[in-house]
> 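Input: one structure, supplied below.
Every heavy atom of this structure was used, including side-chain atoms; hydrogens, water molecules and symmetry mates were not. The chains referred to below are lettered A, B, ... by the order of the sequence lines, with proteins before strands, and numbering in each begins at 1.
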There are 2 protein chains.
Amino acid sequence: MNISVIHDCRQELRLVDLKVTPARIAVLKLLEETDQPLDVAAIIDSLEEQGIKADQATVFRIMNIFTDKGLTKQLQLNESKFRYEKTGDEHHHLVCERCGTIEDISDCNITDLENDIRLKKGFLVKRHSLEFFGVCQSCQP
Amino acid sequence: MNISVIHDCRQELRLVDLKVTPARIAVLKLLEETDQPLDVAAIIDSLEEQGIKADQATVFRIMNIFTDKGLTKQLQLNESKFRYEKTGDEHHHLVCERCGTIEDISDCNITDLENDIRLKKGFLVKRHSLEFFGVCQSCQP
DNA sequence: GTGTATGCAAATGTTTTGCACGTCC
DNA sequence: GGACGTGCAAAACATTTGCATACAC
């Protein structure tokens with residue numbers, strides 16, 4: 001199973017014309033296996049735990065090129081840093097302001113709204129960000 | 001008219017238990033008069049043009065306390081910095097990736113969605129961020 | 001007069017950049 | 001072999017903090 005993930009990663013990189021390197025495979029694999037969006041520091045730490053040492057400049061460069069190529073998405077969750085997650089099913093996030101947990105949520109029908117915007121404002125929406133902040137179930141009284 | 005804005009600002013500050021200082025009045029007035037969300041550097045520059053000199057530490061502290069008190073909102077528009085705007089009618093933003101213009105948009109019915117989230121996930125939404133990125137009318141072919 | 005805001009300088013955290021060296025194809 | 005990725009160090013920004021002084025109330 002590990003082997004299949006690695007294989008997919010190599011193919012995924014080639015599909016977007018990126019050279020296959022150990023660092024890129026490791027980052028892509030990590031994001032594949034992680035359910036929370038990670039910031040660069042967390043990515044470096046996780047890789048280090050696996051015995052993989054990667055420079056922060058390298059990881060920033062990897063995240064930028066992955067995001068350019070559409071392999072990952074760059075999120076801002078009201079922190080002064082970016083987080084990254086693998087591109088996949090469209091979803092948004094529920095961020096608990098008490099415990100910090102980030103939960104995914106799907107089925108937000110923004111497409112209708114984007115069409116409205118196109119018609120009313122002439123603005124062509126390429127992408128959007130939608131995040132919810134509040135208190136998760138476990139943190140409520 | 002100028003006088004009335006200043007007056008409102010003083011009152012607004014007092015209503016949220018903040019001391020009335022020249023720097024706070026100037027920032028609040030500036031955000032009142034500006035239609036685009038501003039970052040701290042832009043705030044400092046605009047004040048400087050008016051002959052008002054304010055330290056960056058001061059402006060950051062002002063923006064933090066204004067946001068805590070609900071006078072302003074802190075936005076992230078996919079830049080590695082915060083922008084601020086006065087709290088008022090709920091609206092979201094259309095950010096043109098070509099010319100950088102930020103346009104406001106209202107009537108995004110997110111409330112229904114927030115209720116759904118409450119019911120389905122037990123997550124209590126306190127606030128959300130919704131921003132659209134794309135190409136504005138003037139920048140289209 | 002007292003508590004708090006401000007300015008200044010320095011520290012911290014995130015992201016980018018230049019350059020020499022190493023590695024993928 | 002040549003283009004491109006990486007590591008290291010330093011720079012560039014954004015934001016915060018400590019402390020002495022100035023100001024609001």
> For A/Leu13 and D/dC4, what is the distance between atoms CG and C1' respectively, to the nearest whole Å?
14 Å
> In this structure, how many angstroms lie between the P atom of C/dG13 and the CZ atom of B/Phe82, rounded?
15 Å
> Taking the nucleotide of DNA chain D with the nearest heavy atom to each, does A/Arg61 or A/Gln56 sit closer to the 5' end?
A/Arg61
> Taking the side chain of B/Phe60 as heavy atoms from C-beta outward, which of D/dT15, D/dA9, D/dC25 is closest to it?
D/dT15
> I want to check one thing: is the phosphate of D/dG7, taken as OP1 and OP2, less than 4.0 Å away from some side-chain N or O of A/Thr58?
yes
> Quick one: B/Met63 CE to D/dA14 P, roughly how many Å, whole number?
15 Å
> So, for A/His92 and A/Ile110, which heavy atoms are closest and what is the spacing to 0.1 Å?
NE2-CG1, 4.3 Å
> Between A/Asp39 and B/Ala57, which residue's closest nucleotide on DNA chain C lies nearer the 5′ terminus?
B/Ala57
> Nearest heavy atom decides the nucleotide; on that basis, is B/Val20 or B/Tyr84 closer to the 5' end of DNA chain D?
B/Tyr84
> Side-chain N or O of B/Asn64 less than 4.0 angstrom from OP1 or OP2 on D/dT16?
yes
> Would you mind classifying the nucleic acid contact of A/Ala41 as base, sugar-phosphate or nothing, using non-hydrogen atoms under 4.0 angstrom?
nothing
> Please walk me through it: do A/His128 and A/Glu114 pass side-chain hydrogen bond (donor to acceptor under 3.5 Å, both in side chains)?
CA-CA 9 Å; A/His128 65 262; A/Glu114 294 186 355; 2.6 Å; yes
> Out of D/dC8, C/dC8, D/dT15, which nucleotide sits closest to the side chain of B/Lys81?
D/dT15
> Just compare C/dA5, C/dT16, C/dG7 and give me whichever is closest to any side-chain atom of B/Arg24.
C/dA5
> Between C1' on D/dA3 and CG on A/Asp17, what's the gap in Å once rounded to a whole number?
14 Å
> Whole-Å distance between C/dA10 P and B/Asp55 CG?
13 Å
> Take atom CD1 of A/Ile43 and atom P of D/dT6, then tell me their distance rounded to the nearest Å.
13 Å
> Rounded to the nearest 0.5 Å, how far apart are CG of A/Asp39 and OG of A/Ser80?
10.5 Å
> For the atom pair CZ (A/Phe66) and NZ (A/Lys86), what is the distance rounded to the nearest 0.5 Å?
9.0 Å
> What integer distance in Å separates B/Asp68:CG from C/dA5:C1'?
16 Å
> Looking at B/Lys126 and A/Glu97, is there a salt bridge between them, counting it only when a charged N and a carboxylate O are closer than 4.0 Å?
no
> Side-chain N or O of A/Thr21 versus OP1/OP2 of D/dT6: is the shortest distance under 4.0 Å?
yes
> Check every atom of D/dG5, D/dT6, C/dG3 against the side chain of B/Lys19 and return the nucleotide holding the closest atom.
C/dG3
> Quickly work out the B/Glu79 CD to D/dA12 C1' distance and round it to whole Å.
16 Å
